[in-house]
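See structure below.
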Amino acid sequence: MTDDHLTRVVERLDAWLEANAPADSAALNPPAAQGDISKIGEYLIDLHPDVVTWLKWHDGATATTGPSHAGFLLPGGYAPNTAEEMGTGQREMERKVAWSFDEEDENEAYWFTVEDGRELDIIGDGTTVYSTEDLGLVPAPTTCHIRWVPFASLTESGHDLIVDHRQGPTYGAVRRIEPDLVDPCAVVWPSVRAMFTSVVEALETARPVTVGTVAYVPRVLDGALDWEIVG
């Protein structure tokens, strides 16, 4: 599949939202500026073509938490991020990696927990490597990577859909970041194209779409999508 495939899928998405979920249609932003796209992971990430194609159609969505809850149009209630938000989120992951290098893989960062279960950011000079023994902390599962780009978010929850930009079999895959799960960064779609294809097919057929182990069926409330859990 090529970028043309994603373009056709987004055209179908736009048409369906305009006809059936006008609040979500209005929440989608116009195309992102090329300068904003280029800033995402600059000097570090060669942005995946799927992400570029999407942003050239829509610079994410302006999500609202009012009665319509518009903009949270992806299964699970995720709102697509703007290019600026993607760039900011990726840089925040870089910052966390800089403060808390893993001893075996400098590309990965860890949340750390103290004995009472509170989360703690490791603060340092950006170059010092800390061991868990030095700090007396217990590492929790990995939740960020310098080559992950936050593609969509839940409101103020810290949960994201990210696009993996590491070279290898998961390059371009969509991962769900939810620290409370057994697998806190599981691949839920093999690509952004696959994600939007499954979403559009669910909208057009009213059939469930599965994200990880959860199935959602689309419905519209107050002009905006509301994904109901059905299994």
Side-chain angles (χ1 to χ4, degrees), residues 1-15 17-18 23-65 70-74 77-99 106-109 126 143-168 170-177 185 189-197 199-200 224:
M1 289 186 286
T2 67
D3 292 347
D4 290 340
H5 172 85
L6 179 55
T7 295
R8 291 193 295 272
V9 168
V10 177
E11 289 174 339
R12 289 162 58 192
L13 174 67
D14 285 355
L17 293 176
E18 184 177 1
D24 279 332
S25 178
L28 284 171
N29 295 324
Q34 182 58 49
D36 290 336
I37 297 174
S38 299
K39 289 178 182 178
I40 302 172
E42 55 186 341
Y43 312 120
L44 182 64
I45 291 175
D46 185 11
L47 202 59
H48 193 280
D50 283 1
V51 178
V52 175
T53 296
W54 166 253
L55 289 172
K56 286 183 176 180
W57 274 89
H58 294 295
D59 189 15
T62 301
T64 62
T65 55
F72 299 91
L73 53 91
L74 296 175
Y78 292 88
N81 292 330
T82 65
E84 182 178 2
E85 290 167 339
M86 291 184 193
T88 299
Q90 188 276 328
R91 288 191 296 274
E92 177 64 12
M93 288 191 179
E94 281 190 57
R95 185 192 68 81
K96 289 180 178 179
V97 171
W99 297 140
E106 292 186 351
N107 286 330
E108 293 191 353
T143 56
C144 61
H145 194 285
I146 61 175
R147 291 185 176 83
W148 287 355
V149 173
F151 186 87
S153 301
L154 290 173
T155 303
E156 298 179 355
S157 70
H159 296 180
D160 296 299
L161 295 177
I162 64 93
V163 179
D164 196 339
H165 282 75
R166 294 175 296 179
Q167 295 301 315
T170 61
Y171 173 66
V174 178
R175 294 179 177 272
R176 179 182 57 191
I177 305 301
C185 50
W189 282 284
S191 66
V192 171
R193 282 174 285 177
M195 177 179 68
F196 279 115
T197 298
V199 167
V200 168

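Quick note: residue numbers are just sequence positions, from 1.
- Looking at E85 and T88, their side chains never come closer than 4.5 Å, going by heavy atoms from C-beta outward.
- L161 places a side-chain heavy atom less than 4.5 Å from the side chain of M195.
- In this structure, F72 and A79 approach most closely via the heavy-atom pair CD2-CB, 3.7 Å.
- With I40 as the partner, the side chain to side chain contact (heavy atoms under 4.5 Å, CB included) test is satisfied by one option alone out of N81, L55, I45: L55.
- To the nearest 0.5 angstrom, D59 atom CG is 8.5 Å from E84 atom CD.
- For the residue pair L13 and V200, the shortest heavy atom distance occurs at CB-CG2, 3.7 Å.
- The CG atom of L17 sits 5.5 Å away from the CG atom of D24 when rounded to the nearest 0.5 Å.
- In this structure, the side chains of V174 and F151 stay at 4.5 Å or more apart for every pair of heavy atoms.
- The 12-atom threshold is not exceeded at CD of E18, counting heavy atoms of other residues, nucleotides or ligands nearer than 6.0 Å.
- Residues F196 and R12 form no side-chain contact, since every pair of their non-hydrogen atoms from C-beta on lies 4.5 Å or further apart.
- Residues D50 and L6 approach most closely at O-CD2, 3.4 Å, considering heavy atoms.
- What you find for A32 and I37 is that their closest heavy atoms are CB-CG1, 3.9 Å.
- Inspection of the E42 and S38 side chains reveals no N or O donor paired with an N or O acceptor under 3.5 Å.
- Taking the side chain as every heavy atom from C-beta outward, D14 and H58 approach each other to under 4.5 Å.
- In this structure, CG on D160 lies 8.0 Å from CG on L154, to the nearest 0.5 angstrom.
- Listed here is the closest heavy atom pair of M86 and P150: CG-O, 3.1 Å.
- With hydrogens and angles ignored, the 3.5 Å screen pairs a side-chain donor or acceptor of H165 with a backbone N or O of H48.
- The two residues A70 and A23 make their nearest non-hydrogen contact at CB-O, 3.6 Å.
- Atom OG1 of T53 is separated from atom NE2 of H5 by 11.5 Å, given to the nearest 0.5 angstrom.
- Here C185 contributes atom SG and D164 contributes atom CG; the two are 9.0 Å apart, rounded to the nearest 0.5 Å.
- Expressed to the nearest 0.5 Å, how far OG1 of T62 lies from CG of N29 amounts to 3.5 Å.
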